[in-house]
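Working notes for the structure below.
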Amino acid sequence: MTLGRANHFAVVDVASRAVKDYVLVGQRAWGATLNRDESLLFVVNGLSDDVSIIDTKSSKVIKSVPVGRVPHTAVIDD
């Protein structure tokens, strides 16, 4: 779950509805999209103008990619 101005993404256990972890991403995390096999999560950061790519097994950001001015949503077509 993106946390907007908190600049984090929350990893949530759906069954218990408990937050398992917080991942620091760019500024103003707005949107998030998984790739097909759910190994990567792409978090769109609106005020830092980038996308954080998170390895879902480790819950770590593996790369931040500049994408242009004020991005909002990502669509992954793999």
Side-chain angles (χ1 to χ4, degrees):
M1 166 186 319
T2 58
L3 300 177
R5 291 182 183 181
N7 303 335
H8 282 77
F9 181 84
V11 179
V12 178
D13 180 295
V14 176
S16 68
R17 298 182 183 174
V19 175
K20 294 171 46 177
D21 198 4
Y22 293 97
V23 180
L24 179 64
V25 293
Q27 297 176 345
R28 188 69 65 90
W30 276 334
T33 303
L34 287 163
N35 67 341
R36 187 178 310 267
D37 68 5
E38 298 183 353
S39 63
L40 298 173
L41 177 71
F42 299 81
V43 178
V44 180
N45 307 304
L47 295 184
S48 56
D49 301 333
D50 62 3
V51 171
S52 298
I53 303 171
I54 299 171
D55 173 57
T56 57
K57 286 187 180 185
S58 67
S59 294
K60 303 287 183 203
V61 175
I62 56 174
K63 189 173 191 178
S64 291
V65 179
V67 294
R69 193 163 177 260
V70 194
H72 185 274
T73 305
V75 175
I76 307 302
D77 182 16
D78 62 349

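Because only heavy atoms are used, hydrogens play no part in the values below, and waters and symmetry mates are left out as well, while side chains stay in. Numbering of residues begins at 1 and proceeds along the displayed sequence.
Rounded to the nearest 0.5 angstrom, Asn45 CG and Asn7 CG are separated by 8.0 Å. Rounding to the nearest 0.5 Å gives a distance of 9.0 Å between CG of Leu40 and CG of Leu34. The CD atom of Gln27 sits 6.0 Å away from the CG atom of Leu47 when rounded to the nearest 0.5 Å. Going from atom NE2 of His8 over to atom OG1 of Thr2 covers 13.0 Å, rounded to the nearest 0.5 Å.
Put simply, Val67 and Ile62 are part of the same group of oily side chains (I, L, V, M, F, W, Y) that touch within less than 4.5 Å, one to the next. Neither Val75 nor Val44 shares a network with the other; the hydrophobic side chains, linked directly or stepwise wherever heavy atoms of I, L, V, M, F, W or Y lie under 4.5 Å apart, form separate groups for each.
Looking only at distances, no side-chain donor or acceptor of Ser48 sits under 3.5 Å from a matching main-chain atom of Gly26.
Listed by chain and number, the residues in a side-chain contact (heavy atoms from CB on, under 4.5 Å) with Thr73 amount to none (sequence neighbours excluded).
Sorted by first then second residue, the salt bridge (charged side-chain N to carboxylate O under 4.0 Å, His left out) pairs that include residues 37-51, not counting sequence neighbours, number zero. Sorted by first and then second residue, the ring-ring contact (aromatic ring centres under 6.0 Å, His included) pairs with a member in residues 50-78 read Trp30-His72; sequence neighbours excluded. Sequence neighbours left out, not one pair with a member in residues 39-69 passes ring-ring contact (aromatic ring centres under 6.0 Å, His included). The salt bridge (charged side-chain N to carboxylate O under 4.0 Å, His left out) pairs that include a residue from residues 6-21 number zero, where partners must be two or more places apart or lie in different chains. Residue pairs satisfying the salt bridge (charged side-chain N to carboxylate O under 4.0 Å, His left out) criterion with at least one member in residues 62-78, sequence neighbours excluded, are listed as follows: Arg36-Asp78.
Put simply, the side chain of Val61 reaches to within 4.5 Å of the side chain of Val23, judged on heavy atoms.
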Quick one: do Ser59 and Asp55 satisfy side chain to side chain donor-acceptor pair (under 3.5 Å)? Show the steps, please.
CA-CA 6 Å; Ser59 294; Asp55 173 57; over 6 Å; no
Begin from the C-alpha positions of Tyr22 and Leu3 and carry the test side chain to side chain contact (heavy atoms under 4.5 Å, CB included) through to its verdict.
CA-CA 10 Å; Tyr22 293 97; Leu3 300 177; 3.7 Å; yes
Mind running side chain to side chain contact (heavy atoms under 4.5 Å, CB included) on Ser64 and Ile53 for me, showing each step along the way?
CA-CA 6 Å; Ser64 291; Ile53 303 171; over 6 Å; no
Trace of the side chain to side chain contact (heavy atoms under 4.5 Å, CB included) decision for Val51 with Val43
CA-CA 5 Å; Val51 171; Val43 178; 5.8 Å; no
